[in-house]
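Report on the following structure.
Every chain is numbered from 1, with letters handed out A, B, ... down the list of sequences.
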There are 2 protein chains.
Amino acid sequence: MNNLDESLLTPLALFSKLDRAQIRTILDLATPCRFDLGATVFEEGQEAEFFYLLLDGYVRVVRLTPEGDQVIALHIPSGHLFGIAAALGHTTYPATSVAAAECVCLSWPMKLLQEFLTTYEGLSTGVYGAVGQRVEDMNNRILELATQQVEQRVANALLRLVQQTGHKTDEGIEIGFPITRQDISEMTGSTLHTVSRLLSAWEREGTIKSTRKKIVVTDPHKLVRHST
Amino acid sequence: MNNLDESLLTPLALFSKLDRAQIRTILDLATPCRFDLGATVFEEGQEAEFFYLLLDGYVRVVRLTPEGDQVIALHIPSGHLFGIAAALGHTTYPATSVAAAECVCLSWPMKLLQEFLTTYEGLSTGVYGAVGQRVEDMNNRILELATQQVEQRVANALLRLVQQTGHKTDEGIEIGFPITRQDISEMTGSTLHTVSRLLSAWEREGTIKSTRKKIVVTDPHKLVRHST
DNA sequence: CGTGCTCTTGAGTGAAATCAACACATGTGG
DNA sequence: CCACATGTGTTGATTTCACTCAAGAGCACG
């Protein structure tokens, strides 16, 4: 029996339909864990032993091609589940997960997932809703990759990052975790050179400010114009 | 009460865990329907009223960008469910579905989907397994679009079509429904001109044979070489 | 027997990758 | 504390892949 506080879960939309006792039960089965920036939570193809709830930080989901190119599939913000492969019939993880910032998580053995979903009616709606959200994101990503130019894709990627992870500073909205040109190129199917050129141009025209691993969007409206 | 024969569903993996009585019940709630080649089953954004089981034919799932570009997300082969938006928390269809060949379907009111999933334990595994399969496909598609050249993407698209819909003829394996260069370009984020050039080149080297709306792969191995 | 679709092919162009070189920051170990 | 390696970012020059533009040929259907 661990002593995790119920207030960890009660504010999360995912658990909003559960009562205190149910949350207590779930919490008592959880194992807390921490990951340093850059640490790997699990790798593509591994037996899917655990699923996770991200309490704080950001997790980056990446895939690797046989040729060695890396593609960033999505970023998970705190409060969301990840590694829920088994809910969709997988027994191995379909992608690698890496901590994009210091991360605090809870984990449960994968076999509990099916149990949770059937036992706690309210949970499955939320879980499958989240899956649906990700499917939609992926769909939009495909649309973008198939029809848009690199400039638009990079602008869209930044806008999404700002929207999902941004926090206000006195200069504008800053992306919530360290991110490199290389990372952005892997999110957009591009190269770090092209991304660097674009960001330089945008910095010159006053749309963003950027230092090493940090990007602040000062004029989101201009970015939106670049995105269409 | 309609008189649909139970043998429509019994061979399908999706229903393999249900007994005769359960299949009878489900079947009695179904409405059969037919779609001509090119007919629209439902459109993106519409209220999701029904979900469908494709008994025969092929359904093409397409999305439209604000700029009017069309992208083909995937093809549904017979025996599979489609329009199951509600299982992932959507109330509207996330994409448009068009008959890529003559289609025969069964349809059910969407509100029955939740009911079926909770009532028939064995069904939900299959349904979510299918969703997982599609998520994986989409993921691979993203990887392809982000890292591969047009030639490789077209080769992969053809291989997938052959695998999923192909049937043997005396010349090779033929794709199971009429398909144009334009269609292939919309599957690969390319243009009909580039696809035409590639197919011409492959025909010259003896990899495929193609006439209007028809493609026969005569040498799959060569195609595999073009795909990597 | 014209009127759309579908497909082909050539020529020119352009967006973004590649190639190449350097600048700057960060952290490490001697 | 400095020397050095490493990771990150910038920018120019060159190249190439695939798109755009353009024209025409073949087929299918009313």
Output the rounded distance in Å from [atom1] ([X]) to [atom2] ([N]).
{"X": "B:Arg153", "N": "D:dA18", "atom1": "CZ", "atom2": "P", "result": "8 Å"}
{"X": "A:Lys209", "N": "D:dG9", "atom1": "NZ", "atom2": "C1'", "result": "18 Å"}
{"X": "B:Glu151", "N": "C:dA17", "atom1": "CD", "atom2": "C1'", "result": "17 Å"}
{"X": "B:Leu192", "N": "D:dA22", "atom1": "CG", "atom2": "P", "result": "16 Å"}
{"X": "A:Leu37", "N": "C:dT26", "atom1": "CG", "atom2": "C1'", "result": "14 Å"}
{"X": "A:His193", "N": "D:dT11", "atom1": "NE2", "atom2": "P", "result": "14 Å"}
{"X": "B:Lys213", "N": "C:dC5", "atom1": "NZ", "atom2": "P", "result": "10 Å"}

Quick test of your reading of the model: are [X] and [Y] salt-bridged, counting only N-O distances below 4.0 Å?
{"X": "A:Lys168", "Y": "A:Asp170", "value": "no"}
{"X": "B:Asp183", "Y": "B:Arg60", "value": "yes"}
{"X": "B:Glu171", "Y": "B:Lys209", "value": "yes"}

Practice task
If a protein heavy atom is under 4.0 Å from the base, mark B; if only from the sugar-phosphate, S; if neither, -; do that for nucleotides 24-30 of chain D going 5' to 3'.
Solution key: --BBS--
Handout entry: Nearest to side-chain heavy atoms of A:Val150, which nucleotide of C:dA16, D:dT20, C:dT18
Key = C:dA16
Completion exercise
Of the listed D:dC19, C:dA16, C:dT8, the closest approach to the A:Gln149 side chain comes from C:dA16
[X] atom [atom1], neighbour heavy-atom count above 12 within 6.0 Å:
{"X": "A:Glu67", "atom1": "CD", "result": "yes"}
{"X": "B:Lys222", "atom1": "NZ", "result": "yes"}
{"X": "A:His167", "atom1": "NE2", "result": "yes"}

Handout entry: DNA chain C contacts among residues 195-205 of chain B, heavy-atom distance under 4.0 Å
Key = B:Ser196, B:Arg197, B:Ser200, B:Arg204
Exercise for the section: May I ask you to list the residues of residues 174-184 of chain B, by number, that have any heavy atom positioned under 4.0 Å from an atom of DNA chain C? Expected result: B:Thr180, B:Arg181
Practice task
Supply the atom-to-atom distance A:Ile84 CD1 to A:Met110 CE, rounded to the nearest 0.5 angstrom.
Solution key: 8.5 Å
Practice task
Taking atom types as modelled, find out whether B:Thr191 and B:Thr194 have a side-chain donor-acceptor pair closer than 3.5 angstrom.
Solution key: yes
Handout entry: Check: A:Ser210/A:Arg181 side-chain N/O donor and acceptor closer than 3.5 Å
Key =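 A donor-acceptor contact under 3.5 Å links the two side chains.
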Problem - N or O in side chain of B:Thr194 less than 4.0 angstrom from D:dA18 OP1/OP2 - result: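 Indeed not, no polar side-chain atom of B:Thr194 lies that close.
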Practice task
Report yes if at least one side-chain N or O of B:Ser210 is closer than 4.0 Å to OP1 or OP2 of C:dC7; otherwise report no.
Solution key: no
Practice task
For the residue pair B:Tyr128 and A:Tyr128, categorise the inter-ring angle as parallel (less than 30°), tilted (30 to 60°) or perpendicular (more than 60°).
Solution key: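 Answer is parallel, since the angle falls under 30°.
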Handout entry: Result of checking B:Phe82, B:Phe42, B:Trp108 against B:Phe51 for ring pair (Phe, Tyr, Trp, His ring centres under 6.0 Å)
Key = B:Trp108
